[in-house]
S.K.: 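Right, I'll just put the structure down here and ask away after.
FYI, the numbering just counts along the sequence from 1. Only heavy atoms go into these numbers, but all of them, side chains included; no hydrogens, no water, no symmetry mates.
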Amino acid sequence: MKRSIILSNLGSCSDRYVTEGYDAPVSLKELFQQLKKLKGVDGVELVGTWHIRPNNTQEIKSMLEEVGLPVVSIIPDHFGTKYWGKGAFTAPDAAVRQEAIDSTLRICETAHALSCPVISIWNGQDGFDYPLQADYAALNEYLIQGLYALASREPDLMFALEYKPKEPRNHCSIPNVYSALYLAEKTGLPNVGVTVDFGHSLLAGENVSDAICVAQKHHRLAHIHINDNFRMWDDDLITGSVHTIEYLELFYWLQKIGYQGYLSIDQYPYREDSLQAAQQSLDWMTMLERTASRIDPEKMDAILKDQDAVASTRYIREILLGA
C-alpha cells in the first residue's frame, strides 16, 4: 500500500504549553532532507501556509524532484491563525467565509502546478463552543455552499473532508464519518470525499474499519491519515502503538476493499525524535500489511458471516502470537 507523510511531522512540534516547540526549528529545505532518510515512504503531504507561500511553488517542485516523491494531498490552513478564530467556511462574517473559499482556490492553483490530486479540508475552527452560540442549520448550509463553490469550480481535484468531533472547537462542524458523508452527498458532486483520520475516528467513538468501509461503499473514501491515541484526545501517537489489533483489522479491510489511495502519517511526536517516530510508523505499516495478508479470506468470511467473536479472537491470536 502507498504511504505518505505530512511534511511537518518531521520537524519540531509545539503545544499550548511549550509554544516554542520541543526541538529546534526546522527549515522547509531541512524537512525535505529528512524525507530522504525515510525508508518506505511513497509521497508527501503539505499544509497550506506552513509550507506553501505565494511565490515558492517552483522551490517546492525542485525539492520534490530532489527527493523523488509526489505531493499526494495539500491541507489548506484554515485553522492556524487568529483570522479563522470564529470559523472559516462557517464564520459569522461573510467576508471571512468568502476568503475561506478564495484561499482554498489559491491552494488549488498550487495543487495543479504540483500535480497534486487531493485537497484535504480540515476545518477545525468551524463549529461552536457553547449552547445557544450558533445557528446550527446556518452553519450546515454555509459548509455545503462553500464546498459546492470549491468542488464545482475545480472538478479535477478531490476535496476530502477530514472530520473530527472536537479541538480546537468544543464541537466541530464535521464530527464523524456520517456527517462528512452527508455534506459530501448534499453537494451533489462526485469530487467531494472523506479523509478518515484514524485518531479522529477513535475520538469520535467509531470503529475505524467501519468508517473506512461505509465511506468506500458510498464511493467517497478519498484519503487516510494514520496515527494512534487513547480515544480521549487526538494524541497523534505512533501508528499501531496502542490499537494494534484494530490496526490489523484496518489493513485486512483495506486489502479486502482494494483501497488504492495513500496512508498518510499524521502524528506529532512532541518529545520523540521525529524521524525515528516516522520510521516506526512506516515499519509498523509494513508488518501490519504483511500480517493482514496472512488472514485466510474464506476462513475470515465464515467468521464474519456468523459474527463469531470467539472464533475471531482465537484466529487473530494464532496469527499474531502463533499460539
S.K.: So do I52 and I60 actually touch side chain to side chain, heavy atoms under 4.5 Å?
M.R.: yes
S.K.: Is the Y178 to Y163 ring centre distance short of 6.0 Å?
M.R.: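 For Y178 and Y163, the ring centres are not under 6.0 Å apart.
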S.K.: May I ask you to say whether R169 pairs ionically with D129, meaning some side-chain N is under 4.0 Å from a carboxylate O?
M.R.: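 Yes, this pair counts.
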S.K.: Is it the case that the side chains of T19 and S14 hold a donor-acceptor pair, with the cut-off being a distance below 3.5 Å and no angle test?
M.R.: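 Looking only at side-chain atoms, T19 and S14 do not form any donor-acceptor pair under 3.5 Å.
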S.K.: Each residue besides V96 in its hydrophobic cluster should be listed here, by chain and number; the cluster joins Ile, Leu, Val, Met, Phe, Trp and Tyr at side-chain heavy-atom distances under 4.5 Å.
M.R.: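 Traced through the cluster, V96 reaches Y83, W84.
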S.K.: Answer yes or no: does atom CG of L304 have more than 12 heavy-atom neighbours from other residues, nucleotides or ligands under 6.0 Å?
M.R.: yes
S.K.: Between K256 and D301, is there a salt bridge with N-O shorter than 4.0 Å?
M.R.: yes
S.K.: Closest heavy-atom contact between C108 and I119?
M.R.: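 Of all heavy-atom pairs spanning C108 and I119, the closest is SG-CG1, 4.2 Å.
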S.K.: May I ask you to test the S62-F32 pair for a side-chain heavy-atom distance under 4.5 Å?
M.R.: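 S62 vs F32: side chains apart.
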S.K.: Could you give the distance from CG (N176) to CG (L203), rounded to the nearest 0.5 Å?
M.R.: 11.0 Å
S.K.: Could you tell me which non-hydrogen atom of L143 sits nearest to which non-hydrogen atom of S173, and how far apart they are?
M.R.: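 Residues L143 and S173, closest heavy atoms: CD1-CB, 3.6 Å.
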S.K.: Taking the ring centre of each residue, are F79 and W122 less than 6.0 Å apart?
M.R.: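 Ring-ring flag for F79/W122: true, centres closer than 6.0 Å.
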S.K.: Can a salt bridge be assigned to the pair D93 and K86 using a cut-off of 4.0 Å between side-chain N and carboxylate O?
M.R.: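 Not counted as a salt bridge, because no side-chain N and carboxylate O are separated by less than 4.0 Å.
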S.K.: To the nearest 0.5 Å, how far apart are CG in L7 and CG in L69?
M.R.: 10.5 Å
S.K.: Can you confirm whether T291 sits close enough to L320 that some side-chain heavy atom of one is under 4.5 Å from a side-chain heavy atom of the other?
M.R.: yes
S.K.: With a 4.0 Å cut-off on N to O distance, would you call E289 and R3 a salt bridge?
M.R.: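 Salt bridge: yes.
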S.K.: Would F89 and H78 count as a close aromatic pair, with their ring centres under 6.0 Å?
M.R.: yes
S.K.: Evaluate E154 against H112 for side chain to side chain donor-acceptor pair (under 3.5 Å), listing each step before the verdict.
M.R.: CA-CA 10 Å; E154 293 284 353; H112 287 304; 2.6 Å; yes
S.K.: Using the test salt bridge (Lys or Arg N to Asp or Glu O under 4.0 Å), find all partners of K36 that sit at least two apart in sequence or belong to another chain.
M.R.: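 Once residues adjacent in sequence are excluded, the partners of K36 under the salt bridge (Lys or Arg N to Asp or Glu O under 4.0 Å) criterion are E66.
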S.K.: Which label fits H225 and H223: parallel for a plane angle under 30°, tilted from 30 to 60°, or perpendicular past 60°?
M.R.: perpendicular
S.K.: Taking the side chain as every heavy atom from C-beta outward, state whether F159 and L157 have any atom pair closer than 4.5 Å.
M.R.: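 Yes, close enough: below the 4.5 Å cut-off.
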S.K.: Should E59 and K29 count as an ion pair when the cut-off is N to O under 4.0 Å?
M.R.: no
